[in-house]
S.K.: 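Take a look at the following structure, please.
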Amino acid sequence: MNGFGTQGTMLTVNGVPLDRLAERVGSTPFFAYDRSLITERVHTLKAALPHDISLGYAIKANPMPAVVQHLAGLVDAFDVASALEMRVALDTTMPPTKVSFAGPGKTEAELRQAVAAGITVELESETEARRVIQAGERLGVRPRVAVRVNPDFAVKGSGMRMGGGPQQFGVDAERVPQLLKELDGLDVLGFHIFAGSQNLKADILCQAQQQTVELALRLAGHAPEPVRYLNIGGGFGIPYHEKDSPLDLDPIAANLETLMSERVRPNLPDATVQVELGRYLVGEAGVYVTRVVDRKESRGKVFVVVDGGMHHQLAASGNFGQVIRRNYPLAIGNRMEPGVETATVVGCLCTPLDLLGDNVSLPAAEIGDLVVLFQAGAYGLTASPTAFLSHPAPAEVLV
Ligand SMILES: *Cc1c(COP(=O)(O)O)cnc(C)c1O
């Protein structure tokens with residue numbers, strides 16, 4: 001279920017054999033991101049989606065500067081969620097007008113930085129709106145903003161719900177018309193509506209996109225100026241587990257084309273519609289590579305102990321918001337062969353939570369082998385508790 005190649009029984013990352021790559025990096029564990037897989041993913045998506053849809057990358061999925069630089073040449077926009085992510089985005093060739101800043105709790109200092117940079121601030125509350133107006137007055141500029149709307153519908157089947165019902169994200173849809181009257185001094189570009197994350201069901205995503213567009217059309221009537229920006233979120237999921245099927249893009253692309261031609265282009269002719277994705281662009285392009293430091297048997301059960309763990313790749317241990325722990329795909333990268341035994345792969349942390357693969361069918365792993373965890377390109381290193389147990393930080397490479 002992964003796009004990585006092999007040479008003989010050796011896994012390759014963008015054509016580089018894993019053992020050579022490990023020598024090149026010089027130490028394990030490490031994260032490796034395959035640039036050709038990222039490029040391929042963006043090209044596939046752009047070929048499928050309507051030509052006038054803008055594709056944004058949510059940097060929090062993987063903020064490694066080299067990855068962000070690579071994506072700057074591929075996607076149309078970046079979404080950042082902190083001042084440091086903003087700096088990484090602005091270091092690339094992406095124009096500031098194509099960078100947006102979302103997320104609750106933006107401080108006055110962060111908002112001043114964003115306004116000074118000329119990026120688009122996604123307003124998450126009435127307080128934030130007042131702060132941005134003040135920042136604009138202080139700097140003598142007209143800040144670019146969009147209103148992040150907490151929709152009046154919820155999306156089922158999302159790994160993480162980020163809209164509908166009471167939320168810390170955005171302004172409740174029913175309060176948006178009033179807020180729009182209070183935005184003097186701001187350049188109100190439009191709306192950002194993001195309902196949820198990690199969805200693998202095309203029909204549910206299509207329904208969410210339709211409801212999002214209808215909500216935006218209703219709100220557009222209250223906007224001080226024609227809508228020029230409509231960020232309809234994303235939520236495209238990737239398969240993490242054996243039983244997950246990859247998202248079927250075709251119905252989503254067809255649905256978007258219908259929405260664009262029947263609803264958006266006639267009613268909001270000035271609007272650029274943006275789809276904003278994180279994990280879908282980078283998640284499957286990354287591996288977390290660890291080395292076997294011990295192999296032991298305990299009362300009939302084989303344990304393969306590696307030099308990495310949940311402190312670098314929390315999600316694979318099942319502790320990053322998952323309700324039920326299921327194994328992430330993993331392999332012995334230098335023995336890409338059929339399994340001959342059932343082994344449990346654990347990390348090097350002194351806690352039973354550090355479980356990377358529970359009863360996995362594997363080739364006989366030996367000390368020194370390279371255990372590879374797939375689907376590690378998004379919400380990996382930066383979403384993990386790296387200080388827990390005080391081990392050194394892993395390297396990250398873009399290959
Ligand atoms: C996190 C986030 C995303 C990206 O979510 P993925 O599941 O990685 O695609 C997109 N938009 C916003 C506003 C986010 O906060």
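Just follow the structure's listing: the first ligand is 1, and inside any ligand the first atom is 1. Position 1 is the first residue of the sequence, and the numbers go up from there. Here the structure is a predicted model, which is why all the values come from computation and not from measurement.
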S.K.: If you have a sec, work out which protein heavy atom is nearest atom 9 (O) of ligand 1 and how many Å separate them, to one decimal?
M.R.: G278 N, 2.9 Å
S.K.: Looking at A58, which atoms of ligand 1 are within less than 4.0 Å of one of its heavy atoms?
M.R.: 3 (C), 4 (C), 10 (C)
S.K.: Tell me whether the count of non-hydrogen atoms from other residues, nucleotides or ligands lying under 6.0 Å of CZ in R20 goes above 12.
M.R.: no
S.K.: Tell me whether the count of non-hydrogen atoms from other residues, nucleotides or ligands lying under 6.0 Å of CD in E23 goes above 12.
M.R.: no
S.K.: Answer with side chain, backbone, both or neither: which part of Y379 has a heavy atom less than 4.0 angstrom from an atom of ligand 1?
M.R.: side chain
S.K.: Does the side chain of E214 pick up a donor-acceptor pair with the side chain of Q210 at under 3.5 Å?
M.R.: no
S.K.: Can you tell me the protein heavy atom closest to atom 10 (C) of ligand 1 and the distance?
M.R.: E276 OE1, 3.5 Å
S.K.: At a 4.0 Å cut-off, with the gap strictly under it, does some heavy atom of Y280 reach an atom of ligand 1?
M.R.: no
S.K.: Hey, is H192 touching ligand 1 through its side chain, its backbone, both or neither, going by heavy atoms under 4.0 Å?
M.R.: side chain
S.K.: How close does the nearest protein non-hydrogen atom get to atom 7 (O) of ligand 1, and which residue and atom is it?
M.R.: S197 OG, 2.4 Å
S.K.: May I ask you to identify the nearest protein heavy atom to atom 14 (C) of ligand 1, giving residue, atom name and distance to one decimal place in Å?
M.R.: K60 NZ, 2.9 Å
S.K.: In terms of relative ring orientation, are Y280 and F236 parallel, tilted or perpendicular, with 30° and 60° separating the classes?
M.R.: perpendicular
S.K.: More than 12 non-hydrogen atoms from neighbouring residues, nucleotides or ligands closer than 6.0 Å to CZ on R87, yes or no?
M.R.: no
S.K.: Look at the aromatic rings of F374 and F4 and report parallel, tilted or perpendicular, splitting at 30° and 60°.
M.R.: tilted
